[in-house]
Student: 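Once you've had a glance at the structure underneath, I'll fire off some questions.
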Amino acid sequence: MAVISLKEQLFSSDRTIGTFIKTPNYQLVEIVTSCNLSFVALDAEHAPFSKSDLDTCILAARANDTPVIVRVPTSNEEDVLSVLDMGANGVLFPHINCMLDAITAVQASKYKSDASDF
């Protein structure tokens, strides 16, 4: 059975069902992702996820072909890009209250190259 991407799931007319996980434990992620959910969201804003915990939990979810969204603690580049580097399928940004906040969040999720490095 072919696995469709999270983006395809969200834009389809089918129901998507997921859950938030606030316990930084990869075994819990393995159990939850075996339940055929559309996605899981790891809450790194309100729960004590370390970078190592996030990396392991993302790996556990991806092992069961379950897309992972990470709710990052801030919209800072280092928080956003690190979870994308770990393999998260998406990022849920906290405290987006205006268009400038949204633009800042989107910019934080883009990899930039410094032309002077070449």
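Residues: numbered from 1 along the sequence shown.
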Student: Return the CD to CD distance between Q27 and E30, rounded to the nearest 0.5 Å.
Tutor: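 Here the interatomic distance stands at 6.5 Å.
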Student: Taking all heavy atoms of A108 and all of E77, pick out the closest pair and write down the distance.
Tutor: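 Nearest heavy atoms, A108 then E77: O-CG, 3.6 Å.
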Student: M86 and side chain to side chain contact (heavy atoms under 4.5 Å, CB included): which single residue from V70, I58, T56 fits?
Tutor: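 By the side chain to side chain contact (heavy atoms under 4.5 Å, CB included) criterion, M86 pairs with just one of V70, I58, T56: I58.
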Student: Can you tell me if CZ on F11 sees more than 12 non-hydrogen neighbours from other groups inside 6.0 Å?
Tutor: no
Student: Check whether any side-chain heavy atom of N89 lies under 4.5 Å from a side-chain heavy atom of R62, and answer yes or no.
Tutor: yes
Student: Rounded to the nearest 0.5 Å, how far apart are CD1 of I103 and OG of S75?
Tutor: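 With rounding to 0.5 Å, CD1 (I103) is 12.5 Å from OG (S75).
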Student: Is any side-chain heavy atom of F20 closer than 4.5 Å to one of L92?
Tutor: yes
Student: Following the transitive rule for hydrophobic clusters with a side-chain heavy-atom cut-off under 4.5 Å over Ile, Leu, Val, Met, Phe, Trp and Tyr, establish whether L42 and L28 coincide in one cluster.
Tutor: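 They do share one cluster, since a chain of ILVMFWY contacts under 4.5 Å joins L42 to L28.
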Student: Will you find, in the side chains of T104 and D101, an N or O donor that is under 3.5 Å from an N or O acceptor?
Tutor: no
Student: What heavy-atom pair brings A60 and V29 nearest, and what distance separates the two atoms?
Tutor: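 Minimum heavy-atom separation between A60 and V29: CB-CG1, 4.0 Å.
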Student: Could you tell me whether a side-chain N or O of D55 sits under 3.5 Å from a main-chain N or O of S52, the two making a donor and an acceptor?
Tutor: no
Student: Using a 4.5 Å cut-off on heavy atoms from C-beta on, say whether the side chain of V72 contacts that of P94.
Tutor: yes
Student: To check you understand the geometry: which heavy-atom pair defines the closest contact between I96 and A105, and what is its length?
Tutor: CD1-CB, 3.9 Å
Student: If Ile, Leu, Val, Met, Phe, Trp and Tyr residues are connected whenever their side-chain heavy atoms lie under 4.5 Å apart, and connections chain through other members, are F39 and F93 in the same group?
Tutor: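 No: no chain of side-chain contacts under 4.5 Å links F39 to F93.
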Student: Specify the closest pair of heavy atoms between Y111 and L81, including all atoms of both residues, with the distance to one decimal.
Tutor: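 Reported closest heavy-atom pair: OH-O, 3.6 Å.
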Student: I'd like to know if the side chain of T23 and the backbone of N25 have a donor-acceptor N/O pair within less than 3.5 Å.
Tutor: no
Student: Can you give me the closest heavy-atom contact between P48 and P24, atom names plus distance?
Tutor: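 Nearest heavy atoms, P48 then P24: O-CG, 3.7 Å.
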Student: Which residue in the set L59, V83, V40 passes side chain to side chain contact (heavy atoms under 4.5 Å, CB included) when paired with V68?
Tutor: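 So the option named by the test is V40.
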Student: Kindly work out whether a path of hydrophobic side-chain contacts (I/L/V/M/F/W/Y, heavy atoms less than 4.5 Å apart) joins I69 to L54.
Tutor: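 Different hydrophobic clusters.
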Student: Minimum heavy-atom separation for D43 and R71, please, with both atom names.
Tutor: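 Reported closest heavy-atom pair: OD1-CD, 3.1 Å.
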Student: Are H95 and E45 close enough that some pair of their side-chain heavy atoms sits under 4.5 Å apart?
Tutor: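 Yes, close enough: below the 4.5 Å cut-off.
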Student: Kindly compute the distance separating OG1 (T16) from CG (L37), expressed to the nearest 0.5 Å.
Tutor: 10.5 Å
